[in-house]
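Lettering of chains follows the sequences in order, A, B, ..., and the numbering in each one begins at 1.
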Amino acid sequence: MLKTEELQINIGPQHPSTHGVFRMIVTVDGETITDLKPVFGYLHRNHEQIAEQNTYLQNMPYTDRLDYFNSMANNQAYAMAIEKMVGIEVPERAEYLRVMMVELTRILNHAGALGFLINDMGMWQTQLAFGMREREKILDLFESASGARLMCNYFRFGGVVRDLPPDFIPRLKELLQAMPAFVDELERLLRENEILMQRAEGIGILPRDLALAYSVSGPVLRGSGIPYDVRKAEPYSVYDRFDFDVPVGTVGDVYDRFLVRIEEMRQSRRILEQVLEQLPDAQGGHINPKARQNVRPPVGDVYARIESPKGELGFYLVSDGSGKPYRYKVRAPSFINLTPLGDMCRGYKVADVVVILGSIDIVMGEVDR
Amino acid sequence: MTITIQRGEVVEVARGSQRRRAVPGMGLLDSLGVVWKHWRESFRQNRDFSDIHGTFTEQYPDERPNLPEAYRNMPILLFDDETGHEFCTSCFQCQRICPPQVIHMTQAKDTTTGKAVPSVAEFIIEYDACMSCGFCAEVCPFDAIKMDHHFELSTSDHASLTVHKQELNRPVSYYQSIAPTLWEEAKAGAYKKLQGNIKRRPDVIGIAPHLVDRIAARRAELAAAAAAAPPPPPTAPAAPPAAAPPAEARKLTPEEKAAKLAAIKAANTAKQSGATPAETPPAAAELSPAEAKAAKLAAIRAANTAKQAGTVPAAEVPPAPVDEKAAKLAAIRAANAAKQAGTAPAAEVPPAEPAPVDEKAAKLAAIRAANAAKKAAAEDNETERN
C-alpha cells in the first residue's frame, strides 16, 4: 500500500457538524484517520463554580442549561440528589409526573439525535424535520405544564412546581396514539435505507471491553451490547413499577446505536402508557407540599444518578451544612461518552468522523459545563 | 449470554431483514415513499396531535401563538385596577431568590418619619440577564410579581432592557386576561393580603405612578366626605411632578432628615403642650377617628407636596413658579383643614374627658402641616436665592 505523509488537521472548534464548539485534532494518513484527539472546553461556563455560589434551589434553573435538550432529566437528577441528602419524601403523583416528563424527554431527545445523525450523514434536513415535528408536540406539552419549552425548571425538591393543566392528559394521549406511526415511519425511512446503511454499518465500532473501560453509558454502551440501564440496575423513582425492555446492539457500530435509540423510543412510549394507567390523582397529597427555598442538608455527601436520554447523569454534592453546596459535581454522560472518540474513529475515513460523533449524541453544554 | 432483569427483558435489536436486502435499492424506494407521502400531505393543515401528517406551521407574525397560561417570559409587577395599589410590599423575597441576581429594589420610606414602609420605591429588573426561571413569581407571598406572556422584547437600545417600576407595572386585569385560571387561584389570597396592608398602613402602600392623579382625586373625595368639611378637598397631589429618577431621589436624604427633625420637633411641642393643657384650646377637642385620619392625611400630603415643590426646582435649574405656588397653597389649605378639623368640634364639645390619642394625633398633624408649610416656604426662598 502506498505510504503517504501524515497530516494533522483541525475539525472545529467552529464547524457545523461538531454539535457546538468542539475541536478535534485529527491525524490523517491520506483519508484514513490514524489518531484523533478531542479538545474540550470551548463552551466552559463555570457551571460548577457558579453552583457553589448559589443556594441549592437557585441551581435548579442552571441544571436546565447543562444538556439543553433534556432539561427535565437534569432537573430530576438534581432534585433527587437533594432529596436524598435532606431526606424529602416525594408524593406519588409527583413521582409519576417526573417519570412522565423524563420519558417524554427521552423521546424528543432521540427524535432529535437521530435527525441530527442523518443530517451529519449528508441527508440534510428531511429526517430532521420529521423528528423535529414530534419534538415540537412534546415541547408544547412541556410549555403548558412548566411554562417553558426548553428551560423547563419544572422540578422542585419534594415534587414538581405545579400540577398538570387540564388539557395535558388528553393531548398526551393523542401524542401517544401518534407515536407508533411516527416511529414506524422513521424506521421505514431510514432503517433499510441503503445510504444510511453504507454510512453506518461497521463504522465507529466500540467493542464491549473498551466501552466498559471508558465507562460510557446510555445508548452508546447498550449499542455495544451491554444491557446496562440505571432504570433497571438501580431503579429510582417509580421505575420498578413499569414493564419495559432494554434494547441492546450486537456489533457496537453507529447502526446499532441508531437502532437502540429507535427501540428506546418505543419502550418510552410503553412506560408512558403505564404511567397514564397508574397515575394517581392529586387527592393523595399536594404534589408540591412546601416550597423549599432554604434547604440546609446535613453535613455529608451524596451521589444521585438517573438514566438520562444520553446516559448516566449523576450529581455529586458535598454539603457543609450551609445553604449552599460545598462541592457540586456533574457526571455528564455526554462528556464521558465522548472520551472514547479517538478509539472509535481510528482506522476509519475522515468523512466518518462526523457520523461517529453524531452517533454518540453529545450536547456541548453538558460536556464543557 | 442471558441477563435477567426485573419486569422486562434484554432485546437485541434486529439489524434488518435479509429479504429487503436481497433487492438493492428497495430501502431507498421505501424512504422515498415516506417523503412523497409527507410532501402530498403538506398541502393539508393539521394541528391534531394524533396525526403525524400535514403541516402544522403557525404563520407567526400574522397568527399569534396560542400560549399556555403557565407560559413564563419576563417578570412584571401587578397593581389593582380600581385603586391602583401595588401588591408589592418590598419584602425582598424575589431579590433573594433570583438566581442571576437581576432584581433590585428600594424600600419606600415614610416621608415624614423616614421609617421604612411596606411599599416599594423603585423596582428594577435587568431583563437582559433574566433567565426566566419564574422563581420570583413563585416565592412572592403577595402575588405581586408574575410572569408575562409578552416575548417580543428585541430592541436596539440595550439600556431599555433595564426595566424600572413604571414599565414593570401592569394592572391585574392584564394578568387576568393572560392567565385566568392561575389568577383565580391566587386572587383571594392576594387581595386579602393587600387589604390587610392597606388597613395597617393606610397611606403608604404604593400606587402605580400613572394612576397617581386618579387615586389622589378619589382619596381627596373620600377624605372630604369623611371630614364633611366645607372647604374644598386639598387638590395638591392632582398636579404631581414627574416621578424623580432614582439618582435624584438619593440626593434627597438631607431633606428627608430635615423632615424627620421637623416631625420630632412637632412631637416635642405636642408633648409640651400636652403638659400644659390650659394653653391649647383645640387639644381638648374630642375627635372622631375619621377626622383625625383626615387631618393626618392632609398633613402628610402637605408635607409631601412641600417636599416635592422643594426638590423639583432644585433638579431643574429654572424654578417653576406655578408648582411652587400650588404647593404652598396646598400646604396652607391642608394646614387650614387640619386646624378646622381640630377646632370645629371644639366649639361643640365641652373640654372634658380628653381622649389622649386622638387629641395628640390631631395636634401633631396640625403642627406638622404648619411646619412643613413653613419649611416649604423657607426652601422656596433658598432655591430662589440659589
Side-chain angles (χ1 to χ4, degrees), chain A residues 54-55 57-62 64 126 130 133-134 136-137 140 143-148 151 153 161-162 165 171 174-175 177-178 181-182 185 188-195 197 201 225 227 229 232 235 240-251 255-256 259-260 262-263 291 293, chain B residues 1-3 5-17 20-21 24-35 37-38 48-57 65-73 93 96-101 131-135 137-139 147 181-182 185:
Chain A
N54 284 346
T55 64
L57 183 60
Q58 282 178 347
N59 282 334
M60 189 59 89
Y62 280 95
D64 288 340
T126 309
F130 292 173
R133 196 197 45 225
E134 300 311 304
E136 203 65 25
K137 291 178 184 172
D140 278 353
E143 194 179 29
S144 70
S146 74
M151 304 297 138
N153 191 18
V161 62
R162 67 172 78 79
R171 282 163 86 189
E174 278 182 23
L175 180 73
Q177 202 187 324
F182 165 66
E185 193 189 70
R188 198 168 151 233
L189 178 70
L190 298 170
R191 189 191 181 103
E192 309 283 328
N193 191 321
E194 275 82 1
I195 299 172
M197 282 163 76
E201 266 191 313
D229 187 322
K232 290 287 188 198
D240 51 352
R241 302 184 195 173
F242 307 123
D243 295 309
F244 63 99
D245 299 340
V246 179
V248 292
T250 44
V251 182
Y255 196 51
D256 264 345
L259 295 173
V260 164
I262 289 191
E263 191 53 37
Q293 284 178 48
Chain B
M1 184 183 69
T2 51
I3 295 170
I5 51 174
Q6 294 290 309
R7 307 197 65 149
E9 52 195 44
V10 178
V11 287
E12 277 187 2
V13 289
R15 287 173 68 89
S17 63
R20 279 261 189 79
R21 293 191 184 203
M26 213 29 206
L28 212 57
L29 282 176
D30 256 5
S31 305
L32 280 176
V34 172
V35 177
K37 199 173 169 201
H38 271 286
D48 187 359
F49 265 43
S50 60
D51 196 355
I52 60 165
H53 291 281
T55 54
F56 73 136
T57 317
N66 187 16
L67 295 170
E69 273 187 41
Y71 177 78
R72 55 186 149 86
N73 198 41
Q93 292 269 351
R96 225 168 283 146
I97 196 82
C98 180
Q101 296 284 302
M131 67 205 280
S132 305
C133 65
F135 274 158
E138 214 176 306
V139 299
M147 301 307 276
T181 346
L182 293 180
E185 283 167 19

Discussion item. My understanding is that only residues two or more places apart in sequence, or in another chain, count here; which of them pass ring-ring contact (aromatic ring centres under 6.0 Å, His included) with A:F182?
Written reply: none

Gap between atom [atom2] of [Y] and atom [atom1] of [X] - 0.5 Å precision:
| X | Y | atom1 | atom2 | answer |
| --- | --- | --- | --- | --- |
| B:H38 | A:E185 | NE2 | CD | 3.0 Å |
| B:S132 | A:D64 | OG | CG | 11.0 Å |
| A:Q58 | B:Q101 | CD | CD | 6.0 Å |

Chain B interface, residue from [options] that has the most non-hydrogen pairs under 4.5 Å:
| options | value |
| --- | --- |
| A:E134, A:K232, A:M151, A:R133 | A:R133 |
| A:S146, A:P235, A:A145, A:G249 | A:S146 |
| A:E263, A:R171, A:M60, A:Q177 | A:R171 |

Worksheet item: So do A:R162 and B:E185 actually touch side chain to side chain, heavy atoms under 4.5 Å?
Response: no

Worksheet entry | Sole residue of A:V248, A:D245, A:D229 in side chain to side chain contact (heavy atoms under 4.5 Å, CB included) with B:V10 | A:V248

Under 4.5 Å from any heavy atom of chain B, what part of [X] do you find: side chain, backbone, both or neither?
| X | value |
| --- | --- |
| A:T250 | side chain |
| A:N54 | side chain |
| A:Y62 | both |
| A:K137 | both |
| A:P165 | neither |
| A:E143 | both |

Worksheet, complete the sentence: What one should report as the nearest heavy-atom pair of A:P61 and B:C133 is CB-CB, 3.7 Å

Item to complete: Measure distances from B:L67 to the heavy atoms of chain A and classify the residue's part below 4.5 Å as side chain, backbone, both or neither.
Response: side chain

Worksheet entry | chain A contact via B:Q93 - side chain, backbone, both or neither, heavy atoms under 4.5 Å | side chain

Worksheet entry | Step-by-step side-chain contact (heavy atoms from CB on, under 4.5 Å) determination, A:N153 to B:M131 | CA-CA 11 Å; A:N153 191 18; B:M131 67 205 280; over 6 Å; no

